[in-house]
Q: 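Input: one structure, supplied below.
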Amino acid sequence: MKIKLMENIKEFEGTISLSDIALSISNSLKKRCVAGMVDGHLKDMDYIVDKDSDVRFITNTDKEAIEILNHSTAHLMAESIKELWGNVVFGVGPAIEEGFYYDFKIDGKMLTEDDFKAIEDKMNEISRRAEHPLRKEMTKSEALSIFNGDRLKTEIINDLPDDEIISAYTQGNYIDLCRGPHIPSTSFIKHFKLLSIAGAYWRGDSKREMLQRIYGISFFEEKDLKDYLVLLEERKARDHRKLGKQMGIFMFDDLVGRGLPMWLPNGFIVRRLLSDYIMDKEIALGYQHVLTPSLGNVELYKTSGHWAHYKDDMFPKMDVDDESYVLRPMNCPHHMVMYKSQLHSYKEFPLKIAEIAADFRYEASGALTGIERTRAFYQNDSHIFAMESQIGDVFKEVVELILDVYNDFGLKDYRMRLSLRDPNDTKKYFGNDELWERSENELRQVLNDLNIDYYEALGEAAFYGPKLDVQVRSAIGHDVTLSTIQLDYQLPERFELTYIDEKGEKARPVVIHRAILGSLDRFVAFLLEETKGVLPLWLAPTQVKVIPVNLGLHKEYSDSIYQLLKKNNLRPQVDYRDEKLGYKIREAQTQKIPYQLVIGDNEVQNNTVTYRKYGEKDQVTVTKEEFVELLKKQVEERK
RNA sequence: GCCGAAAUAGCGCAAUAGGUAGAGCAACUGACUUGUAAUCAGUAGGUUGUGGGUUCGAUUCCUACUUUCGGCACCA
């Protein structure tokens with residue numbers, strides 16, 4: 001039997017386990033091996049190779065290894081919980097992007113974080129026992145008898161096809177249904193930590209029972225674990241909720257209501273600049289801005305279909321006179337009606353109506369997260385009316401706008417998601433199969449033409465059409481949508497929109513919904529986290545802090561600099577407090593103000609300023625005029 | 001919405017085995033008049049999230065509610 005190992009081919013008599021193959025190379029390799037890749041499939045070290053194969057060993061430095069380690073750590077945790085509390089059923093316990101979790105339910109006992117110590121101690125104890133996870137393959141009926149009495153595992157097994165070969169792993173007295181592979185010994189698991197405990201619905205279904213879920217993470221090296229815990233702290237430090245409070249961007253108050261952000265003066269500056277920025281971009285591309293009310297007759301949303309789909313996610317309707325109104329959750333219906341108020345020609349197309357519009361959604365209380373997810377937010381929205389033949393061009397222009405904007409903000413870490421209909425749940429969506437297929441293919445086509453990296457996600461489409469979403473990861477690990485483009489044949493139909501085509505006949509337009517900054521609120525949240533609160537000069541609420549060395553001697557000159565900067569549309573502040581110089585400098589630094597000017601005798605005599613840029617140590621002396629030009633240039637370049 | 005945890009001064013925190021709360025920073029007052037990350041001293045600041053209960057007495061124990069946090073579910 002020939003085994004191909006990296007570049008070499010080794011011959012073996014009869015069958016042989018991966019473990020023995022590793023041993024035939026060196027004892028130290030065997031000790032480091034976590035698993036093996038046999039003809040592209042991950043296998044335990046126990047796996048018996050019985051034919052000519054390609055074998056690659058997975059050692060603790062390979063990226064697959066950390067996933068296997070975490071998966072095995074999940075099992076180890078489950079084993080520990082079982083030893084400690086006995087009467088427990090387990091759901092699923094996979095490795096995830098960062099670490100692992102396991103879902104379980106202990107009869108008559110709810111665990112809290114206070115129990116982590118006991119579990120970790122038990123895990124360490126089992127690690128020292130060096131238990132060997134042993135794979136056993138079986139038929140479905142064998143599996144059902146082994147897991148008889150375990151309602152959760154039984155359900156999983158029952159959902160598998162009848163002829164499926166099912167595997168389970170035994171370590172010590174613990175057995176778990178699992179595909180594997182697993183590490184050769186629990187002794188590999190040394191540097192781990194349980195991180196949090198939370199509720200999680202069984203099978204992700206909110207109608208079913210809630211289990212407990214413990215998250216944790218595991219590494220091969222202690223240093224990696226320490227680094228990870230530091231990383232978690234750093235992420236917490238750039239949580240927009242913390243930064244937004246520190247920087248005076250926004251606030252919440254119970255008396256106003258949960259999920260209802262109030263934008264403070266600093267926050268307003270950022271918002272206004274962002275609005276102006278995006279509207280300027282839009283105007284350059286021929287968008288026309290409009291303003292429509294935040295309230296609408298409920299009939300409007302019945303026409304659009306939002307009422308049927310999202311009634312429960314809207315604030316309840318208000319009855320006035322003989323009508324009912326709702327706070328709008330979306331702007332499309334208003335824009336549809338606006339379009340309809342006039343006769344349109346194909347010559348106007350694509351017709352782009354844009355609005356930065358206030359929307360209100362009755363988000364589930366548990367979903368509210370600072371200004372990332374609120375009940376009142378502002379959308380950088382637009383609806384583009386076009387002929388079917390223009391879809392490709394319009395779509396392309398919007399994608400390019402997104403890329404342009406992201407480039408301006410230096411955003412590189414995002415993923416394009418093509419959100420498609422769930423083919424198994426078509427009644428959630430309006431429109432027929434043929435239309436959906438066509439729309440989805442159109443989007444796919446454009447993405448391919450533009451050579452854009454994207455992934456497809458079933459079930460993420462809007463009820464009226466497929467979309468392209470740009471996903472980013474927030475500091476606290478939420479995947480959120482920043483930008484979106486949505487193709488819609490439904491609303492034009494429901495609102496009976498028409499245009500006059502080349503032949504002089506009435507035809508139905510298509511609508512493309514798009515949001516670039518998405519929700520302004522969420523965008524600011526993301527920016528704060530991206531920049532760690534160090535906003536680029538053009539967005540910084542205070543751009544320059546002027547610090548006189550001596551109030552008596554340098555105040556007048558400081559004032560003149562302040563006035564000069566003001567005149568040039570910059571946002572300076574002078575620190576007039578009677579404090580020590582070092583104190584004021586420290587404060588300017590902790591407030592992350594992009595430029596601090598220290599003004600003393602030298603500056604007054606030479607008519608100069610000495611600046612220090614945030615994050616740099618150098619002190620640079622230039623003339624007042626040079627400084628103004630430097631800043632204006634940076635603002636213009638949006639740096 | 002569901003499961004769990006938490007809520008103390010403007011901010012980030014401490015404390016009480018049940019005896020009406022402390023220091024730091026910030027604020028205010030005064031002294032100091034300063035060249036690149038915290039000058040010194042003093043003053044004021046709290047119905048310990050809200051309501052109810054147990055108790056001679058509750059910030060502490062119980063309970064309901066509100067809000068926040070961690071997840072899950074949701075996200076047009």
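First the proteins, then the strands, lettered A, B, ... as listed; each starts at 1.
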Q: Checking all strands, does A:Asp205 fall into the base, sugar-phosphate, or nothing category for heavy-atom contacts under 4.0 angstrom?
A: nothing
Q: Out of B:C3, B:U39, B:U36, which nucleotide sits closest to the side chain of A:Glu579?
A: B:U39
Q: So for A:Lys580 and B:C32, does any side-chain atom that can act as donor or acceptor lie under 3.5 Å from a complementary atom in the base?
A: yes
Q: Suppose we call a contact any N or O donor and acceptor under 3.5 Å apart; does that hold for the side chain of A:Arg373 and the base of B:C75?
A: yes
Q: Among B:A76, B:G1, B:U36, which is the nearest nucleotide to the side chain of A:Tyr201?
A: B:G1
Q: Figure out the CD/P separation between A:Gln490 and B:A76, and round it to whole Å.
A: 16 Å
Q: Name the closest nucleotide to the A:Lys617 side chain, picking from B:A76, B:A37, B:U67.
A: B:A37
Q: Rounding to an integer number of angstrom, what distance separates B:U8 and B:C13 when you compare their P atoms?
A: 9 Å
Q: Please verify the inter-ring angle class for A:Phe463 with A:Tyr310; under 30° counts as parallel, over 60° as perpendicular, anything in between as tilted.
A: tilted
Q: The side chain of A:Ala367 lies closest to which of these nucleotides: B:G35, B:A73, B:U67?
A: B:A73
Q: Taking side-chain hydrogen bond (donor to acceptor under 3.5 Å, both in side chains) as the criterion, tell me which of A:Gln619, A:Gln596, A:Glu603 meets it with A:Thr610.
A: A:Glu603
Q: Regarding A:Ser304, tell me which of base, sugar-phosphate or nothing describes its non-hydrogen contacts under 4.0 Å with the strands shown.
A: nothing
Q: Which base, if any, makes a Watson-Crick or G-U wobble pair with B:U47, both distances under 3.5 Å?
A: none
Q: Starting from the 5' end of RNA chain B, give me the residue, A:Gly600 or A:Arg241, whose nearest nucleotide shows up first.
A: A:Gly600
Q: Round to a whole Å and report the spacing from CZ of A:Arg586 to P of B:G35.
A: 19 Å
Q: Between B:A37 atom P and A:Arg577 atom CZ, what is the distance in whole Å?
A: 16 Å
Q: For A:Phe252 and A:Phe360, find the nucleotide of RNA chain B closest to each by heavy atoms; which residue's nucleotide sits nearer the 5' end?
A: A:Phe252
Q: Return the nearest nucleotide to the side chain of A:Ser196; candidates are B:U36, B:G70, B:A27.
A: B:G70
Q: Return the value, rounded to whole Å, for the distance between atom CD of A:Glu113 and atom C1' of B:C3.
A: 13 Å
Q: Using whole Å, what does the distance between atom C1' of nucleotide B:U34 and atom NZ of A:Lys584 come to?
A: 9 Å
Q: Does A:Thr292 offer a backbone N or O that forms a donor-acceptor pair with the side chain of A:Glu355 under 3.5 Å?
A: yes
Q: What integer number of Å spans the P atoms of B:U16 and B:A21?
A: 14 Å
Q: Heavy atoms under 4.0 Å, any strand shown: does A:Gln596 hit a base, just sugar-phosphate, or nothing?
A: base
Q: A:Tyr310 on top of B:A76's base, within under 5.5 Å and under 30°?
A: yes
Q: Counting side-chain heavy atoms from CB outward, which of B:A26, B:G71, B:U36 is closest to A:Ala198?
A: B:G71
Q: Give a yes-or-no answer on whether the side chains of A:Glu556 and A:Ser558 include a donor-acceptor pair shorter than 3.5 Å.
A: no
Q: What about A:Tyr362, does its side chain sit under 3.5 Å from the base of B:G1 through a donor-acceptor pair?
A: no
Q: Which of these, A:Arg235, A:Arg241, A:Lys236, sits in a salt bridge (charged side-chain N to carboxylate O under 4.0 Å, His left out) with A:Asp239?
A: A:Arg241
Q: Provide, to the nearest angstrom, the distance between the CG atom belonging to A:Asp103 and the P atom belonging to B:G4.
A: 15 Å
Q: Is A:Tyr101 touching bases, backbone alone, or none of the nucleic acid, heavy atoms closer than 4.0 Å?
A: nothing
Q: Donor-acceptor check, side chain of A:Thr369 to backbone of A:Ala367, threshold 3.5 angstrom: yes or no?
A: yes
Q: Would you indicate, yes or no, if B:A76 has its OP1 or OP2 atom less than 4.0 angstrom from a side-chain nitrogen or oxygen of A:Lys467?
A: yes
Q: Pick base, sugar-phosphate or nothing for A:Gly582, based on heavy-atom distances below 4.0 Å to the nucleic acid.
A: sugar-phosphate
Q: Determine whether any donor atom in the side chain of A:Gln589 lies under 3.5 Å from an acceptor atom in the base of B:U36, or the reverse, and answer yes or no.
A: no
Q: In whole angstroms, how far is the C1' atom of B:A73 from the CG atom of A:Leu211?
A: 13 Å
Q: Answer with base, sugar-phosphate or nothing: what part of the nucleic acid does A:His306 contact at a heavy-atom distance below 4.0 Å?
A: base
Q: Ring of A:Tyr454, cation from A:Arg415 - is the NZ or CZ under 6.0 Å from the centre and inside 45° of the axis?
A: no
Q: Just checking A:Thr481: base, sugar-phosphate only, or nothing, at a heavy-atom cut-off of under 4.0 Å?
A: nothing
Q: On the ring face of A:Tyr287, is A:Lys352 found with NZ or CZ under 6.0 Å from the centre and within 45° of the axis?
A: yes
Q: Any strand counts, and the cut-off is 3.5 Å on both contacts for Watson-Crick or G-U wobble. Which nucleotide pairs with B:A23?
A: none
Q: Using the side-chain heavy atoms of A:Met210, tell me which of these nucleotides is nearest: B:C3, B:A76, B:G12.
A: B:C3
Q: So, is A:Arg213 near the phosphate of B:A73, with a side-chain N or O under 4.0 Å from OP1 or OP2?
A: no
Q: Would you please confirm or rule out a distance under 4.0 Å between OP1 or OP2 of B:G1 and any side-chain N or O of A:Ser365?
A: yes
Q: For B:A41, what is the paired nucleotide under Watson-Crick or G-U wobble rules, both distances under 3.5 Å?
A: B:U29
Q: Among B:A76, B:U36, B:G71, which is the nearest nucleotide to the side chain of A:Tyr215?
A: B:G71
Q: Return the pairing partner of B:U54 with a 3.5 Å limit on both distances, Watson-Crick or G-U wobble; otherwise return none.
A: none
Q: Does B:C2 pair with anything, Watson-Crick or G-U wobble, both distances under 3.5 Å, and if so, with which nucleotide?
A: B:G71
Q: Could you tell me whether the side chain of A:Glu603 has a donor or acceptor atom within less than 3.5 Å of a complementary atom in the base of B:G35?
A: yes
Q: Where the side chain of A:Thr112 is concerned, which of B:A5, B:G35, B:A76 is the nearest nucleotide?
A: B:A5
Q: Mind checking the CH2-CG spacing from A:Trp436 to A:Leu420? Nearest 0.5 Å is all I need.
A: 8.5 Å
Q: What's the closest nucleotide to the side chain of A:Lys245 if the choices are B:G35, B:C11, B:C74?
A: B:C11
Q: With both distances under 3.5 Å as the test, what is the Watson-Crick or G-U wobble partner of B:U36?
A: none
Q: Report yes if a side-chain nitrogen or oxygen of A:His478 is closer than 4.0 Å to either non-bridging phosphate oxygen (OP1 or OP2) of B:C75; otherwise report no.
A: no
Q: In this structure, how many angstroms lie between the P atom of B:C72 and the CD atom of A:Glu209, rounded?
A: 17 Å
Q: Please confirm whether any donor atom in the side chain of A:Arg203 sits under 3.5 Å from an acceptor in the base of B:C72, or the reverse.
A: no
Q: Mark yes or no for a side-chain to base donor-acceptor pair under 3.5 Å between A:Asp578 and B:C32, with no hydrogen or angle criteria applied.
A: yes
